[in-house]
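Structure record follows, encoded as structure tokens.
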Amino acid sequence: MIRTALKPRWLALLALLVVVVWSFTQLGLWQLGVSSNAASRELAGAQAARPTESLGAVTAPHQPFPQDGAGLSVTTTGEYVVADQFLVPDRLLEDRAGYWVVTPLRTDASGEEALLPVVRGFVTDPALADRPSPATVRVTGTLAPSEAPVPGSQPEGQRGSIDTADLANDWDGAIYSGFVFLVEEEPAVTAAAVDRIPPPVFGESGVVWRNVGYGLQWFVFAGFAVYMYLRFLRDDTLKDRPAAPARPALVPTASQGDSP
């Protein structure tokens, strides 16, 4: 079979097979990517369609994070507490590595003065993180649950994550169980060097099963092409083999006892 496969026409067919299998595999992977992206777009659209609510109507300090709060647009008014500002390293924005700039906002939206961590933006260098004025500002942002703690020590002025349970040990006063990604600020007190972070999409994005089916079909086509190549190669190999010589028929001989 190997000798047959090394013939010029079978080598040409093998090259064609490689191109076909590679193309079908890429088409299958593309369909799987389309299924995931389409589901993410649907989830993002549903999240964006939710109305903006007052922070006090959604949650309050000392309360667990609301079950449907992730991704909700909220608004509140208060003053930034720059003394408690910190950076979160090892974050990405459009493939750039850098830091989140997190500043607590002191607000009484829930009837009790408390601190709400606000991710004001992203910087590639800690020196670019500004310190906003303590003037009253109206903040609109996307609500997010507290992050898991990150083990290990960080340089001064930095934390491994936005862990509100850990912040409660260091900040003076009540604190909300979640934080917000800044979307709008009125008046704008954050410097232009701090890049705004697009609101993240929360929840299980899932897949669009129609595109998953299309992707699996391309993988089946690739497998079928390999099968047909091997099948035809085997048939050609068997055809080229010389036929085995026919064995002579055995003629029974009479024993001496059978002679007349």
Side-chain angles (χ1 to χ4, degrees), residues 36-37 40-41 43-45 47-48 50 52 55 58-59 65 69-107 115-168 170-171 175-203 205:
S36 178
N37 293 336
S40 296
R41 288 194 298 269
L43 185 62
Q47 179 174 302
R50 300 171 68 182
T52 299
L55 177 67
V58 175
T59 185
F65 189 81
L72 183 65
S73 177
V74 296
T75 184
T76 187
T77 301
E79 302 84 29
Y80 286 123
V81 182
V82 295
D84 291 329
Q85 177 171 295
F86 64 92
L87 304 179
V88 182
D90 302 324
R91 299 302 166 114
L92 294 174
L93 180 63
E94 298 175 350
D95 297 328
R96 294 180 297 155
Y99 307 80
W100 283 356
V101 181
V102 183
T103 311
L105 183 78
R106 181 179 287 114
T107 177
L115 296 176
L116 172 70
V118 177
V119 181
R120 294 192 297 115
F122 171 92
V123 293
T124 55
D125 189 322
L128 297 175
D130 68 328
R131 291 184 171 270
S133 67
T136 300
V137 60
R138 184 171 188 82
V139 168
T140 301
T142 302
L143 194 61
S146 174
E147 295 185 318
V150 174
S153 60
Q154 298 291 338
E156 184 178 356
Q158 298 184 21
R159 291 178 178 271
S161 65
I162 308 178
D163 178 11
T164 56
D166 186 50
L167 290 172
D170 297 333
W171 285 357
I175 184 173
Y176 286 87
S177 59
F179 63 97
V180 299
F181 289 90
L182 179 64
V183 175
E184 293 181 3
E185 207 177 39
E186 187 180 347
V189 296
T190 297
V194 180
D195 295 329
R196 199 64 53 85
I197 300 174
V201 177
F202 295 92
S205 60

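Interatomic distance, OH of Tyr80 versus CG of Leu116, reported as 9.5 Å (0.5 Å rounding). Atoms OG1 and CZ, from Thr76 and Arg106 in turn, are 13.0 Å apart once rounded to the nearest 0.5 Å. Between the CG atom in Leu93 and the CZ atom in Arg196 there is a gap of 12.0 Å [rounded to 0.5 Å]. Within the model, atoms CD of Gln158 and CG of Leu87 stand 5.5 Å from one another, a figure rounded to the nearest 0.5 Å. Atom CH2 of Trp171 sits about 10.0 Å away from atom CG of Asp166, to the nearest 0.5 Å. Rounded to the nearest 0.5 Å, atoms OG1 (Thr107) and CG (Leu115) are 10.0 Å apart.
Side-chain N or O atoms of Thr164 include none that pairs as donor or acceptor with a backbone N or O of Ser146 at under 3.5 Å. Judged by distance alone, with hydrogens and angles left aside, the side-chain atoms of Thr140 form no donor-acceptor pair with the main-chain N or O of Val183 at under 3.5 Å. In this structure, the side chain of Thr75 engages the main chain of Val139 through a donor-acceptor pair within 3.5 Å. Side chain of Ser73 to backbone of Thr52: no donor-acceptor contact under 3.5 angstrom is found.
The two residues Ser161 and Arg91 have their closest heavy-atom pair at CA-NH2, 3.9 Å. Across every non-hydrogen atom of Glu147 and Phe179, the tightest pair is CG-CE2, 4.1 Å. Considering every non-hydrogen atom in both Ala70 and Pro145, the closest pair reads CB-CD, 4.1 Å. Taking every heavy atom of both residues into account, Gln154 and Pro89 meet most closely at OE1-CG, 3.5 Å. Here the closest heavy-atom approach between residue Val150 and residue Gly160 is recorded as CG2-O, 3.5 Å. Nearest heavy-atom pair across Leu143 and Val180 is CD1-CG1, 3.7 Å.
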The test is side chain to side chain contact (heavy atoms under 4.5 Å, CB included); show your working for Glu185 and Val118 and say whether it passes.
CA-CA 11 Å; Glu185 207 177 39; Val118 177; over 6 Å; no
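A 4.5 Å side-chain heavy-atom check between Arg120 and Asp130 finds at least one atom pair inside the cut-off. Counting heavy atoms from C-beta on, the side chains of Asp195 and Arg96 come closer than 4.5 Å. No side-chain heavy atom of Leu167 sits less than 4.5 Å from a side-chain heavy atom of Asp84. Pro132 places a side-chain heavy atom less than 4.5 Å from the side chain of Val82.
Under the 30°/60° scheme for interplanar angles, the aromatic rings of Trp100 and Phe181 are found to stand perpendicular.
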